[in-house]
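See structure below.
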There are 2 protein chains.
Amino acid sequence: MARRAPRPAGATLPAPGGPRRIPDAAVARLGTYHRVLTDALAAGSCTVSSEQLAGLAGVNASQVRKDLSYLGPTGTLGVGYDVEHLLGRIGVELGLTRHWPVVIVGAGNLGRALANYRGLAARGFVVAGLVDADPTKVGRTVGGLAVEPLEALEGLIAERRVRIGVIATPASAAQEVADRLVAAGVRAILNFAPAPVGVPPGVSVRKVDLALELQVLSYHQVRATTRTRGDGTHPRRAAAPALRPDPRGAGR
Amino acid sequence: MARRAPRPAGATLPAPGGPRRIPDAAVARLGTYHRVLTDALAAGSCTVSSEQLAGLAGVNASQVRKDLSYLGPTGTLGVGYDVEHLLGRIGVELGLTRHWPVVIVGAGNLGRALANYRGLAARGFVVAGLVDADPTKVGRTVGGLAVEPLEALEGLIAERRVRIGVIATPASAAQEVADRLVAAGVRAILNFAPAPVGVPPGVSVRKVDLALELQVLSYHQVRATTRTRGDGTHPRRAAAPALRPDPRGAGR
DNA sequence: CCCCCTTCGTGAACGCGTGCACAAGCGGGC
DNA sequence: GCCCGCTTGTGCACGCGTTCACGAAGGGGG
């Protein structure tokens with residue numbers, strides 16, 4: 001096959017009149033902005049500047065402006081951003097204005113914790129089903145929801161219009177569960193199992209691996225101790241996400 | 001436009017005898033390799049090629065080789081990597097050979113799930129303490145561990161040599177907890193609270209926000225539906241992490 | 001009515017992470 | 001003993017994400 005794709009001309013330019021596509025990293029930050037803006041609105045703020053918002057979200061002010069620019073012109077030039085308007089704008093773009101039925105596969109520690117977690121419902125993610133392969137877990141009630149057998153997965157997805165699935169099973173079952181989710185119509189998967197899942201194009205997957213996060217921290221500790229400031233001028237920016245002290249903690 | 005720094009000779013080499021620093025993204029993948037290699041060893045494999053390992057971990061083969069090259073020469077040229085040797089090498093670098101006492105702050109749904117999670121202990125992360133500010137939760141036993149009052153945090157960290165802290169509290173308490181953790185000697189924090197925490201230099205922080213992950217998926221769904229492939233040639237690589245089918249699923 | 005201060009939006013540069021292609025080198029077969 | 005195939009390790013280029021710096025524009029004070 002052609003060595004090195006000849007770089008199709010125009011690939012850089014997305015589409016002249018097409019709607020902007022927002023990079024994942026920016027989408028994640030927009031979600032953060034949405035949360036802190038909700039708090040700010042409750043606290044009585046009508047407008048915020050990019051600098052204020054940056055302080056609340058723990059990022060750079062330039063970053064805030066660039067992220068918000070993906071939404072089109074949303075701010076007033078000498079004033080800042082209207083909190084209410086901005087919340088609406090982000091909500092529409094991220095789909096937070098509607099309800100997203102979610103199915104959780106696996107009623108273990110993590111699955112149950114997620115089913116109980118209020119933070120999900122607060123952002124429009126309704127746990128429409130919780131299934132488990134273990135018959136002894138079926139029927140138990142978790143967070144006002146009965147655990148259903150794994151066999152009910154497909155019917156449940158179709159009936160309740162589920163578009164997002166959460167895999168909270170052991171690694172060995174992850175791929176099979178993913179296949180069934182996709183076959184049943186799920187288009188987005190959040191995978192907590194420590195195993196990679198392959199999905200066909202058009203399906204989104206995001207992976208969260210708790211042990212992996214701790215391993216990265218562990219590595220930082222090993223580095224910090226084995227070479228206790230032996231060479232480096234500064235300990236790298238391994239930490240300290242450039243967050244200024246900010247006297248008042250996010251309005252708690 | 002070659003103003004681009006003329007590449008000072010020797011600048012590429014960090015330090016002749018100095019240990020190489022590994023980017024966080026690579027460290028995370030090394031953790032994944034460690035896990036799949038453990039499985040492979042149990043399954044009887046003595047050596048693996050970068051291509052095999054890539055298939056198991058769900059990444060590119062080049063990526064595997066580049067990541068492993070951070071560890072120094074670890075492979076045999078015509079054969080591949082010795083599984084046992086590689087496991088040892090990664091384990092040392094990531095600090096998986098020792099035990100890391102961990103304290104979990106917040107005995108809510110998530111905190112309890114983490115305390116029960118066996119995947120942590122399997123990688124050397126021992127939950128040395130579980131504390132909560134709510135008096136009604138103190139004394140309850142979770143995963144063979146009694147919930148202790150928040151006041152016991154400092155003593156517990158000092159006594160059990162805790163270096164890693166996990167914040168599983170509401171957002172409003174996150175910064176205060178982080179400050180106390182750092183003051184008590186914790187050098188690495190895993191933050192599950194949906195709020196940014198500021199720490200002094202030298203302390204590592206990683207953040208996991210469950211609702212945020214779902215919001216990113218939600219955004220993908222919104223985009224996929226509002227513009228049902230009306231323009232893009234391909235749906236972007238929004239998903240499909242370049243994982244080839246790979247007939248034999250990771251041992252399942 | 002004019003001027004200055006504030007603040008957004010964005011073009012450009014920098015650095016990082018990712019993927020490709022190739023040279024170097026080891027092991028097995030004949 | 002020699003050759004051939006397989007696999008590692010790495011230089012290189014591309015694209016993305018982040019940050020800086022500046023032009024444009026609106027509001028308030030004199």
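Since we're looking at a predicted model, the values are computed, not measured. Residue numbers start from 1 in every chain, and the chains themselves are labelled A, B, ... in the order their sequence lines are given, proteins ahead of strands.
D:dT8 atom P lies 15 Å from atom NE2 of B:His85, rounded to whole Å. Atom pair A:Ile22:CD1 and D:dG17:C1' shows a separation of 15 Å (rounding to whole Å applied). The distance between atom CZ of B:Arg21 and atom P of C:dC16, rounded to the nearest whole Å, is 9 Å. Look at CD on B:Gln63: it is 19 Å from P on D:dC12, rounded to the nearest Å. Distance, A:Asp67 CG to D:dT18 P: 8 Å, rounded to whole Å. One interatomic measurement links the two molecules: CG of B:Asp82 to P of C:dC26, which rounds to 16 Å at whole-angstrom precision. Note: CG (A:Asp24) to P (D:dT18) measures 11 Å, nearest angstrom.
Looking at A:Arg29 and A:Asp24, no side-chain N of the basic residue comes within less than 4.0 Å of a carboxylate O on the acidic one, giving no salt bridge.
Distance alone, capped at 3.5 Å, places no donor-acceptor pair between the A:Thr76 side chain and the A:Val79 backbone. When atom types are taken as modelled, the side chain of A:Arg89 and the backbone of A:Leu71 share a donor-acceptor pair closer than 3.5 angstrom.
Residue A:Arg29 has a polar side-chain atom (N or O) positioned under 4.0 Å from OP1 or OP2 of D:dT18.
Of all the heavy atoms in A:Leu190 and B:Leu210, the pair that sits closest is CD2-O, 4.4 Å.
The side chain of B:Asn60 approaches C:dC20 more closely than any other nucleotide in the set C:dC20, D:dC20, D:dG17.
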**Message:** Counting primed atoms plus P, OP1 and OP2 as sugar-phosphate and everything else as base, spell out the protein contacts along nucleotides 2-12 of chain C at 4.0 Å heavy-atom distance: B, S or - for each nucleotide, 5' to 3'.
**Reply:** ----BBBBBBB
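A donor atom on one side chain and an acceptor atom on the other are not found under 3.5 Å apart for A:His220 and B:Arg187.
Residues that satisfy the salt bridge (charged side-chain N to carboxylate O under 4.0 Å, His left out) test with A:Arg65, not counting sequence neighbours, are absent from this structure.
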